[in-house]
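Have a look at the structure below, then the notes.
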Amino acid sequence: MAPSYKIACIGAGYVGGPTMSMIALNCPDIEVVVLDINEERIKAWNSEQLPIYEPGLEEVVRQCRGRNLFFSSDTTKHLAEADMIFVSVNTPTKTSGIGAGKAADLTYWEGAARMIAAVATTPKIVVEKSTVPVKTAEAISKVLKRNCTDPSVTFEILSNPEFLAEGTAIEDLRMPDRVLIGGGDSEAGQAAIKQLAWVYAHWIPQERILTTNLWSAELAKLTANAMLAQRISSINSISALCEATGADVQQVARAIGMDSRIGSKFMNTSVGFGGSCFQKDILNLCYVCEGVGLKEVADYWMKVVTMNDYQKQRFVERVISAMFNTVARKRLAIFGFAFKKDTGDTRETPAIDVCRGLLADGAKCVVYDPKVTPVQVFRDLSAPKFEWDRPHGWGKSERHITENVQVVADPYACAEGAHAICVLTEWDEFKSYDYQRLYDSMVKPAFIFDGRNVLDHEALRSIGFIVYALGKPLDPFLQKSY
Ligand SMILES: NC(=O)c1ccc[n+]([C@@H]2O[C@H](COP(=O)([O-])OP(=O)(O)OC[C@H]3O[C@@H](n4cnc5c(N)ncnc54)[C@H](O)[C@@H]3O)[C@@H](O)[C@H]2O)c1
Ligand SMILES: O=c1ccn([C@@H]2O[C@H](COP(=O)(O)OP(=O)(O)O[C@H]3O[C@H](CO)[C@@H](O)[C@H](O)[C@H]3O)[C@@H](O)[C@H]2O)c(=O)[nH]1
């Protein structure tokens, strides 16, 4: 018998796809349909080549696609039939107008709300899955109520922010630290919370399902990301101080992480945090603070982004100064372009700013990443800031990018004839390469700039490499040239 409870999700992206697949897997009594305006994406979800790479996702989709999990672009039919509608569309940073470069662009969200209002003839629970500014639920409620042609239709809005991280999405969804559900105080609001809690209770222990009011749930999501990013900026700031003093950032991180009040997670220094969320959500938080007159609070959080930009710039300057203050026409092997390992996602990856910085100084960048396609690399290096987060992306590639960037499918080909290797993503495979072979094929002196501290630096030095590792005591060779 076909399941009688129906869930639809608007937005078949990195969040909508995996979260709905997990609900379908654990709730065989619920029919789940994931919708998107991007037909190519829907086609890919229905094919053997899923549109996103996420460890374990294929197995989950394979188990329930066609059973109680469907991907479709027929929004009218499925939104009309659904009891509960998740909205998981992109909420990028605005690129123009008031709040450009900071505020969340809610165009896609409002578009989704209008789609729901246009077809609703039965009561709907609308769940905010996207990350949104505080009070978005209020605005969405107005759009839904004012646009629905049937005045008897009721809408209950819930906030159910997603905390999964890419690369570990399936594991995070299988056993999240918590599921957060915010809703209204009214009887209908509380009933809606219960209905969503019932969905999650199919596989998540009751004590991990946390309920709050709407505004707390919306704000908790922005705050969680701001605090996670703050940890990275904090340790990155200390990495600069370590290099200046001879301390070792990994030793410092270990020593402070053993204090249970601080904890050891999220303390890896890096060339900068990336990903579609951290910067966007902090900028959004700052904008919300400014909107309510809290300038000092906004300035405080803005420093997390400033420090991140500094870290990327600092890395570029290290590369250039170490290589005798010029990288003009030098071939630089870029190991890793994704914003972290185990994903093909490049949104806001630090590799973009690092490559741009090196290209601006005349370098020739040769990129190797196990999961990122050449098209994506060229698109990212050409797209104006914040333009990447649009359903149809950015098409043009500037000439200086096409002439000075090359993307290759093999790490050894990447490093051949290069002056330096820059490690920008912490892919595990980078640790097991034959570095003697890489060294032999490179121009001397051969440099390695480890922007993730994943390689065995002593072993590399004994081969002959000049090694720069973030936040580590500097090689004597680098001390002289910096
Ligand atoms: N990526 C993550 O790891 C992550 C984690 C937690 C929260 N979030 C938040 O979740 C939201 C979605 O993020 P994402 O990474 O999945 O984005 P995404 O860009 O991968 O997916 C969004 C999808 O929504 C579709 N879309 C936009 N407007 C639509 C409409 N009117 N009708 C149908 N489809 C529409 C787009 O075509 C796109 O495929 C964002 O608010 C993000 O901040 C993301
Ligand atoms: O110690 C660390 C940990 C992470 N990073 C970098 O920080 C970025 C973000 O990493 P991570 O948080 O693991 O991935 P995301 O997929 O961006 O997940 C974040 O953003 C999501 C979107 O909002 C949230 O749901 C998650 O909880 C939150 O971790 C990446 O560039 C990482 O390389 C570091 O530099 N050092």
Side-chain angles (χ1 to χ4, degrees), residues 14-15 87-110 128-140 159 161-166 180 182 212-238 240 266 270-314 339-340 345 347-350 352-353 356 383-390:
Y14 283 88
V15 170
V87 182
S88 185
V89 298
N90 34 333
T91 48
T93 306
K94 274 183 84 173
T95 51
S96 59
I98 297 170
K102 263 194 187 171
D105 180 351
L106 294 177
T107 315
Y108 302 100
W109 226 115
E110 192 180 321
E128 287 177 353
K129 199 51 150 164
S130 301
T131 305
V132 290
V134 196
K135 295 279 179 180
T136 298
E138 197 172 79
I140 294 307
S159 165
E162 184 49 60
F163 296 100
L164 69 79
E166 287 176 31
L180 179 56
T212 63
N213 74 28
L214 270 169
W215 323 129
S216 304
E218 288 178 341
L219 186 54
K221 174 63 194 175
L222 294 182
T223 311
N225 273 357
M227 294 201 64
L228 287 167
Q230 182 200 44
R231 274 176 83 87
I232 303 168
S233 277
S234 297
I235 200 69
N236 282 346
S237 73
I238 298 300
F266 250 69
S270 64
V271 60
F273 60 74
S276 62
C277 297
F278 281 175
Q279 174 172 283
K280 162 176 86 72
D281 294 347
I282 295 172
L283 293 173
N284 184 350
L285 181 67
C286 293
Y287 190 71
V288 171
C289 292
E290 284 168 5
V292 294
L294 298 174
K295 185 181 172 307
E296 285 73 10
V297 183
D299 290 349
Y300 172 76
W301 287 108
M302 198 60 199
K303 279 285 173 202
V304 175
V305 176
T306 311
M307 183 52 62
N308 198 46
D309 288 339
Y310 168 73
Q311 187 74 346
K312 291 182 267 187
Q313 183 57 27
R314 202 169 78 72
F339 82 97
K340 62 188 276 197
D345 194 352
R347 295 179 291 179
E348 287 293 343
T349 175
I352 296 175
D353 284 343
R356 281 188 180 156
K385 205 163 174 58
F386 303 126
E387 275 295 347
W388 46 265
D389 203 357
R390 314 279 146 182

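No experiment lies behind these values; they were computed from the predicted model shown. Computed over heavy atoms, backbone and side chain alike; hydrogens, waters and symmetry mates excluded.
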If you measure from the Lys or Arg side-chain nitrogens to the Asp or Glu carboxylate oxygens, is any gap between [X] and [Y] under 4.0 Å?
| X | Y | result |
| --- | --- | --- |
| Asp299 | Lys303 | no |
| Arg347 | Glu166 | yes |
| Glu290 | Lys102 | yes |

Write down the atom of [X], the atom of [Y], and the distance for their closest heavy-atom approach.
| X | Y | value |
| --- | --- | --- |
| Gly272 | Pro350 | O-CG, 3.3 Å |
| Cys289 | Val297 | SG-CG1, 3.7 Å |
| Leu180 | Ala220 | CD2-CB, 3.7 Å |
| Lys221 | Pro161 | CB-CB, 3.5 Å |
| Leu214 | Gly182 | CD2-O, 3.5 Å |

Atom pair [atom1] ([X]) and [atom2] ([Y]), whose distance is rounded to the nearest 0.5 Å:
| X | Y | atom1 | atom2 | answer |
| --- | --- | --- | --- | --- |
| Leu106 | Lys94 | CG | NZ | 9.0 Å |
| Ser233 | Asn308 | OG | CG | 5.0 Å |
| Gln230 | Asn225 | CD | CG | 12.5 Å |
| Ile140 | Ser159 | CD1 | OG | 12.0 Å |
| Ser234 | Ile232 | OG | CD1 | 9.5 Å |
| Thr93 | Asp105 | OG1 | CG | 9.0 Å |

For residues 275-305, which residue pairs qualify under ring-ring contact (aromatic ring centres under 6.0 Å, His included), counting only residues two or more places apart or in two chains? Phe273-Phe278
Tyr108 versus Pro92: any side-chain heavy-atom pair under 4.5 Å? yes
Are Thr136 and Glu218 close enough that some pair of their side-chain heavy atoms sits under 4.5 Å apart? yes
Contacts of Glu138 that satisfy side chain to side chain contact (heavy atoms under 4.5 Å, CB included) - sequence neighbours left out: Lys135, Lys142, Trp215
Considering residues at least two apart in sequence or located in another chain, which fulfil the side chain to side chain contact (heavy atoms under 4.5 Å, CB included) criterion with Ser130? Val89, Thr91, Trp109, Val132
Do the side chain of [X] and the main chain of [Y] share a donor and acceptor less than 3.5 angstrom apart?
| X | Y | value |
| --- | --- | --- |
| Gln311 | Ser270 | yes |
| Lys129 | Val15 | no |
| Ser216 | Thr212 | no |
| Thr349 | Asp345 | no |

Could you go through Arg314 and Asn236, starting from their C-alpha distance and side-chain angles, then the distance that decides it, and tell me whether this counts as side chain to side chain contact (heavy atoms under 4.5 Å, CB included)? CA-CA 11 Å; Arg314 202 169 78 72; Asn236 282 346; over 6 Å; no
If we check side-chain contact (heavy atoms from CB on, under 4.5 Å) with Gln279, which of these qualifies: Ile282, Leu283, Asp281? Leu283
Around Tyr310, counting heavy atoms of other residues, nucleotides and ligands shown, do more than 12 lie under 6.0 Å from its OH? no
